[in-house]
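As structure tokens, the structure follows; a few thoughts come after it.
Please read these numbers as outputs of a predicted model, since none were measured by experiment. Naming: A, B, ... by sequence-line order, numbering from 1 per chain. Just so you know, these numbers use all the heavy atoms, side chains as well, and skip hydrogens, waters and symmetry mates.
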Amino acid sequence: MSMYNYGFLDENTKRELRRKTLKAVAIPGYQVPFGSREMPVARGWGTGGLQVTLSLIGLGDVLKVIDQGSDDSVNACNLRDLISETSEVDTTTDTLEATVIQTRHRIPEEKMTDEQILVFQVPTPEILRTVEPSEQESRRMHAERDYSRLWVHLYEDIVEWKEIRISYDYPVLVNGHYICDPSPIPRFDVPKLHQAETLFLFGAGREKRIYAIPPHTDVIPLQFEDYPFNVESYESGCEKCGSTHTYLEESFDSNTGERYLYCSDTSYCGKQQLKGQHQPVEIGVGWNG
Amino acid sequence: MAYVAVRGGQQAIKEAEKLLHYYRLKDGEQPITINQIRTQMRLAVDKAMSEGSLYDPDLAALALKQAEGDAIEASFLLRAFRSTLPRQAYTDAIDTSKMEIVRRISATFKEVPGGQYLGPTRDYTKRLLRMELMEETEAEAKATISEFLENLNLNAEEVESGQVPTFPRVINLLKEEGLIHVPTQGERNTDGSVDDITRDALSFPTSRAVRLQAMTRGETGALLAFAYSSVRGYGDVHPTIGELRVGYVPVYMPHPIYPEETIALGRILVTEAEIVVRQQDENVSGAAQFAVGYGLCFGHNEDKAISMGILDQTMVAENPASPAQDEEFVLYHIDGIESSGFISHFKLPHYVDFQAELQRVRSINRKEENEV
């Protein structure tokens with residue numbers, strides 16, 4: 001990769017990304033437009049998160065990349081390869097060891113600290129897109145905090161379906177001002193964003209937006225007094241590690257066709273399995289303490 | 001550098017890539033050369049350069065070879081390479097009136113100053129498969145060339161004079177008569193700069209410079225579909241091709257030290273279309289006039305230049321009533337690299353999201369059952 005610059009992007013591009021990231025941190029939840037570059041992976045495959053990560057990673061960082069909670073997912077492998085080869089950083093699957101974690105659609109089960117940054121890959125950063133297709137109009141709505149149509153949308157869901165139908169991309173009010181899209185994390189992960197110690201950065205490459213939720217920021221999912229926000233829950237625990245406090249995925253046994261639940265955070269699940277076998281392993285605390 | 005041992009995924013993508021390389025060559029045929037692609041697949045090369053937004057016929061041919069002929073994949077390879085190159089300078093605007101013409105036609109007037117030149121066009125060929133090309137030999141190819149050159153009926157006077165004919169723009173005939181609306185607002189910003197879509201995200205309403213930039217690197221099929229929609233039924237433009245030119249233009253850049261000098265960088269093949277339509281802009285009042293939609297792209301790609309010229313004029317509507325009039329609709333959806341990337345991303349696992357969806361659907365159904 002020697003024909004490419006350190007961290008793949010040229011230095012001017014990195015500088016722009018850092019400036020835009022700082023602006024995003026200064027205005028929590030506000031989507032900052034940036035001159036998103038074409039990357040050597042396809043648009044929609046994490047190019048926004050990738051640019052943010054490459055602009056802030058440096059020697060001494062330890063990188064973890066997960067896709068849908070898994071370090072081993074094929075696209076996570078590909079992105080990890082690209083970042084570690086061009087930035088010469090060590091990689092890990094352990095949430096506790098990482099300084100920078102790039103993720104698609106999950107927040108790890110172990111609580112992250114103020115020494116760590118979580119970079120989200122975002123497909124559609126505009127939370128108002130469901131109710132307003134025009135970018136120009138959406139920007140006006142944000143500027144005037146004109147969120148009435150979003151509220152009506154949620155209300156209509158309750159009238160028709162007796163609950164809010166949104167499963168992922170759940171709208172959150174950030175710092176009492178902008179409503180933003182926490183990326184397609186499940187509802188289960190949304191409370192982790194509230195008053196966290198970690199810096200959360202969101203990169204949308206195709207849509208050319210960066211936004212942020214800084215540490216110690218109020219992040220409140222939209223809800224009604226009589227219809228409070230709730231998260232996914234399960235009747236049983238993980239088939240592999242027995243955890244009953246994690247986000248689980250349904251899967252079918254390829255031989256028997258039986259349906260099982262497994263942890264989506266494969267690193268955490270692996271640690272829990274080791275613990276079950278009484279092996280020495282350090283497991284972080286959950287986000288609730 | 002420490003690498004983590006990840007299980008199946010890492011191995012799977014490595015093996016898939018090996019298989020991909022094998023598939024490109026598996027039938028054991030002579031590898032196709034870059035020269036062959038560049039010279040005999042010239043329209044594919046041109047399209048890749050245009051959509052990849054990089055004028056480099058050799059790299060475009062390489063991209064096509066690597067992509068096994070997939071036009072969007074080839075343009076993506078070029079675009080991803082292009083974005084790693086630092087932005088050093090901007091060239092001067094090209095002057096297409098200085099074009100070395102390969103082809104030049106007008107649909108507005110039968111006779112135009114400079115004349116009409118069909119050039120190498122398929123427009124009036126019968127679209128019959130030429131079975132003899134199945135077994136075309138090198139000798140036959142050479143015979144075709146020499147036969148063509150021998151019978152070439154060049155105008156001896158013109159050849160002797162060494163004068164290259166010039167082609168004044170057809171549009172200027174209408175301009176002189178005051179029938180063309182000339183926009184008062186230039187394409188440059190007040191400080192003389194021009195917007196650059198590779199440096200700044202689109203913001204709406206856009207400048208015309210931004211619209212043209214987005215279209216010239218747009219995917220031909222997307223531009224074609226949007227332009228077609230506007231003339232078939234979802235819009236009210238009635239375009240006439242004022243002029244369509246294909247040819248080579250020189251490219252100059254300002255000298256970095258001596259401001260009065262320019263440096264010639266070379267020449268590029270471009271297709272240019274000027275589309276005459278009745279004035280659509282609601283903000284323009286006064287006498288009835290025509291407006292000109294402008295299309296220009298790298299290489300020889302007439303569908304694209306014409307579509308671009310049409311869309312340049314549909315997007316002036318203040319209150320868009322059809323998709324092709326809505327600049328957000330057009331500009332956000334014509335980039336082949338973006339659209340194909342996002343459509344293909346659905347192949348990625350969505351286990352987490354789908355589990356969340358399952359939970360919601362089951363929860364709603366439980367509530368419905370409890371009601372009954």
May I have the list of side-chain donor-acceptor pairs in residues 60-70 of chain B shorter than 3.5 Å, sequence neighbours left out?
| residue | atom | partner | partner atom | Å |
| --- | --- | --- | --- | --- |
| B/Lys65 | NZ | B/Ile32 | O | 3.0 |
| B/Asp70 | OD1 | B/Ile72 | N | 3.1 |
| B/Asp70 | OD1 | B/Glu73 | N | 3.1 |

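For the 3.5 Å distance criterion, the side chains of B/Thr84 and A/Asp10 fail to qualify, holding no donor opposite an acceptor. Using a 3.5 Å distance cut-off with no hydrogens or angles, the side chains of A/Glu126 and A/Gln31 do pair a donor with an acceptor. Checking A/Arg37 against A/Thr13 by side-chain atom types alone, a donor-acceptor pair falls below 3.5 Å.
Note: A/Glu163 leads A/Met39, A/Glu163, A/Lys162 in heavy-atom pairs under 4.5 Å with chain B. No other option in A/Lys208, A/Arg165, A/Arg187 has as many heavy-atom pairs under 4.5 Å with chain B as A/Arg187. Taking chain B as the reference chain and counting heavy-atom pairs below 4.5 Å, the highest number among A/Ser233, A/Pro184, A/Pro40 is found for A/Ser233.
With a 4.5 Å cut-off on non-hydrogen atoms, B/Tyr332 touches chain A through its side chain but not through its backbone. Both the backbone and the side chain of A/Asn78 come within contact range of chain B, each with at least one heavy atom under 4.5 Å from a heavy atom of that chain. Proximity to chain B (any heavy atom under 4.5 Å) is restricted, for A/Val41, to the backbone atoms N, CA, C and O. For A/Glu16, the part lying under 4.5 angstrom from a heavy atom of chain B is the side chain only. Contact annotation for A/Ile185: neither backbone nor side-chain heavy atoms come within less than 4.5 Å of a heavy atom of chain B. Looking at A/Arg139, neither its backbone nor its side chain comes within 4.5 Å of chain B, counting heavy atoms on both sides. Only the side chain of B/Arg362 comes within contact range of chain A, judged by heavy atoms closer than 4.5 Å. Contact annotation for A/Phe34: only backbone heavy atoms (N, CA, C, O) come within less than 4.5 Å of a heavy atom of chain B. With a threshold of 4.5 angstrom between heavy atoms, A/Ser134 approaches chain B through its backbone and through its side chain. Looking at A/Leu63, neither its backbone nor its side chain comes within 4.5 Å of chain B, counting heavy atoms on both sides.
Residues from residues 337-349 of chain B that place a non-hydrogen atom less than 4.5 Å from a non-hydrogen atom of chain A comprise B/Ile337, B/Glu338, B/Gly341, B/Phe342, B/Ser344, B/His345, B/Lys347, B/Leu348, B/Pro349, given in numerical order. Contacts of residues 352-360 of chain B with chain A at a heavy-atom distance below 4.5 Å involve B/Val352, B/Asp353, B/Gln355, B/Ala356, B/Glu357, B/Leu358, B/Gln359, B/Arg360, listed in sequence order. Chain B is approached within less than 4.5 Å, heavy atom to heavy atom, by A/Ala42, A/Arg43, A/Gly44, A/Trp45 from residues 42-50 of chain A, ordered by number.
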### Task
May I have the step-by-step check of side-chain hydrogen bond (donor to acceptor under 3.5 Å, both in side chains) for A/Gln68 and A/Ser73, ending in yes or no?
CA-CA 8 Å; A/Gln68 305 269 310; A/Ser73 190; over 6 Å; no
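Under 4.0 Å is where a charged nitrogen must lie from a carboxylate oxygen, and between B/Asp335 and A/Arg206 no such pair does.
Close placement of the A/Tyr170 and A/Phe229 rings is indicated, their centers lying within 6.0 Å of each other.
Looking at B/Tyr351 and A/Glu250, their side chains never come closer than 4.5 Å, going by heavy atoms from C-beta outward.
For the atom pair CG (A/Asp67) and SG (A/Cys77), the distance works out to 9.0 Å, reported to the nearest 0.5 Å.
Classification of the A/Tyr247-A/Tyr234 ring pair by plane angle, with boundaries at 30° and 60°, yields perpendicular.
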